[in-house]
Amino acid sequence: MITPVLPAYGRADLEFESGEGPYLLTPTGERYLDFGAGVAVVSLGHAHPHLIEVLSTQAAKLWHTSNLYRIPGQQRLAERLVEASFADTVFFTNSGAEAVECAIKMARKYHAANGAPERDELITFDGAFHGRTLATISAGGQEKYLEGFGRRMPGFVQVPMGDLKALKEAIGPNTAGVLLEPIEGEGGIRPWELTSLRAIREICDEAGILLVLDEVQTGIGRTGHLFAHELAGVTPDILASAKGLGGGFPVGACLATEEAAKGMTPGTHGSTFGGNPLAMAVANGVLDIVLEDGFLERVREKGLHLKQKLAMLADENSDILESVRGEGLMLGLRCKITNTDLVAAMAAQKVLVIGAGDNVVRLLPPLIVDDTHINQAVEAISAACAAIRADKKAKEGAK
Ligand SMILES: *Cc1c(COP(=O)(O)O)cnc(C)c1O
């Protein structure tokens, strides 16, 4: 018999009742170090006092009015995102996929506004993940998410990541733009070469098409920069943000330049819940902290520290771990064993991490972790590797 909750997820046999900073507590009081942060969402850790304060204050005043009226929290958050980024304007959504949907629609509308409505195609890259709506599974192009859901939505073509020759060849009279993640998250913490990102910006400019970045996972400080593209010194025309933006409250945003957004006139797009006062209060609270002087610098320092320790672990456990990659606090360990076995062995050490494509284990801790937490995670990886090795030996002995 089907479970009351649609069985669409393969869940771990774990549940949590409360959280404190980077820790999650089970109903029986067991403490887990959360180095997955709910898939890069809980950017400031669990139960952050400032976020509790801003959410409770707003909750006592006003929850929802709809976008039929002005929402001061939206104006404030948009002004702050514009001030801190390449963007001139922002549309608020409830999720990452919706932010990407807005980005896709905006890119198409831009060309329509320029008198070229036939330019409705975005070029994406293998290993991409852009969400689970019908348009975003077509954009991501991964068979495992498309299977059984009927015809692909037209308007997406895919080329191999890093293959700029294939990208250039794919550009034609129907191309609207290029859509990519500066570091592929679900695909396995696969970073783009910074030189390639700069080259893609030039390719887009030459072809008169838009560069659309999906920074749903990489954004809001995850890489030690507000957005990951800052590292490459290039700016997009349109950018999708979500995950870390709400620190655990569902909220997303589509940022754009004035030029790229020129087709999005009143009535062209909308959302009932998008940018409601509760979400805006929390997202403004997240920015209060992420934009504080020195915060992003500390993320970069901690990221470097963790990456160095992971590189040492990979050396010491070269039978199990292959390599380390990523930026800031978005790091991946490529495994020689099955990645999910390492995730399980880490959970046995009471440290939560997340699997990803390309046989990678992702470490995405809250951005507020300190050296104690980093050391605890590193020790857990070491212990997990030892346990995996012992288990393998025992099995070999039994043969
Ligand atoms: C998580 C993610 C999405 C989808 O976000 P949802 O909030 O699950 O809809 C899109 N793009 C990237 C890069 C992501 O990591």
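Each ligand, and each atom within it, is numbered from 1 in the order the structure gives.
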Give the numbers and elements of all ligand 1 atoms closer than 4.0 Å to a heavy atom of [X].
{"X": "G131", "result": "4 (C), 10 (C)"}
{"X": "S95", "result": "7 (O), 9 (O)"}
{"X": "A97", "result": "4 (C), 5 (O), 6 (P), 9 (O)"}
{"X": "E181", "result": "13 (C)"}
{"X": "D214", "result": "10 (C), 11 (N), 12 (C), 13 (C)"}

Closest non-hydrogen protein atom to atom 5 (O) of ligand 1, residue and atom name please, with distance?
G96 CA, 3.3 Å
Please determine, by modelled atom types, if T218 and E215 share a side-chain donor-acceptor pair under 3.5 angstrom.
yes
Just heavy atoms, cut-off under 4.0 Å: does H130 contact ligand 1 by side chain, backbone, both, or neither?
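It is the backbone that touches ligand 1; the side chain stays farther off.
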What part of K243, side chain, backbone, both or neither, has a heavy atom within less than 4.0 angstrom of ligand 1?
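For K243, only side-chain atoms sit under 4.0 Å from ligand 1.
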F35/H373 aromatic ring centres below 6.0 Å:
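That pair fails the under 6.0 Å test.
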Could you tell me if the ring centre of F16 sits under 6.0 Å from that of Y32?
yes
Quick one: which residue pairs count as a side chain to side chain donor-acceptor pair (under 3.5 Å) with a foot in residues 103-118, not counting sequence neighbours?
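Checked against side chain to side chain donor-acceptor pair (under 3.5 Å) - neighbours excluded - the pairs reaching residues 103-118 are K105-H269, Y110-N114, Y110-E259, N114-K262.
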By ring-ring contact (aromatic ring centres under 6.0 Å, His included) - contacts of F149 (at least two apart)
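F149 satisfies ring-ring contact (aromatic ring centres under 6.0 Å, His included) with no other residue.
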Greater than 12 external heavy atoms within 6.0 Å of E143's CD:
yes
Nearest protein heavy atom under 4.0 Å from atom 7 (O) of ligand 1, yes or no:
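Under 4.0 Å from atom 7 (O) of ligand 1, at least one protein heavy atom found.
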Check this for me, if you would: do D163 and K168 make a salt bridge, where the nitrogen-to-carboxylate-oxygen distance has to be below 4.0 angstrom?
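No.
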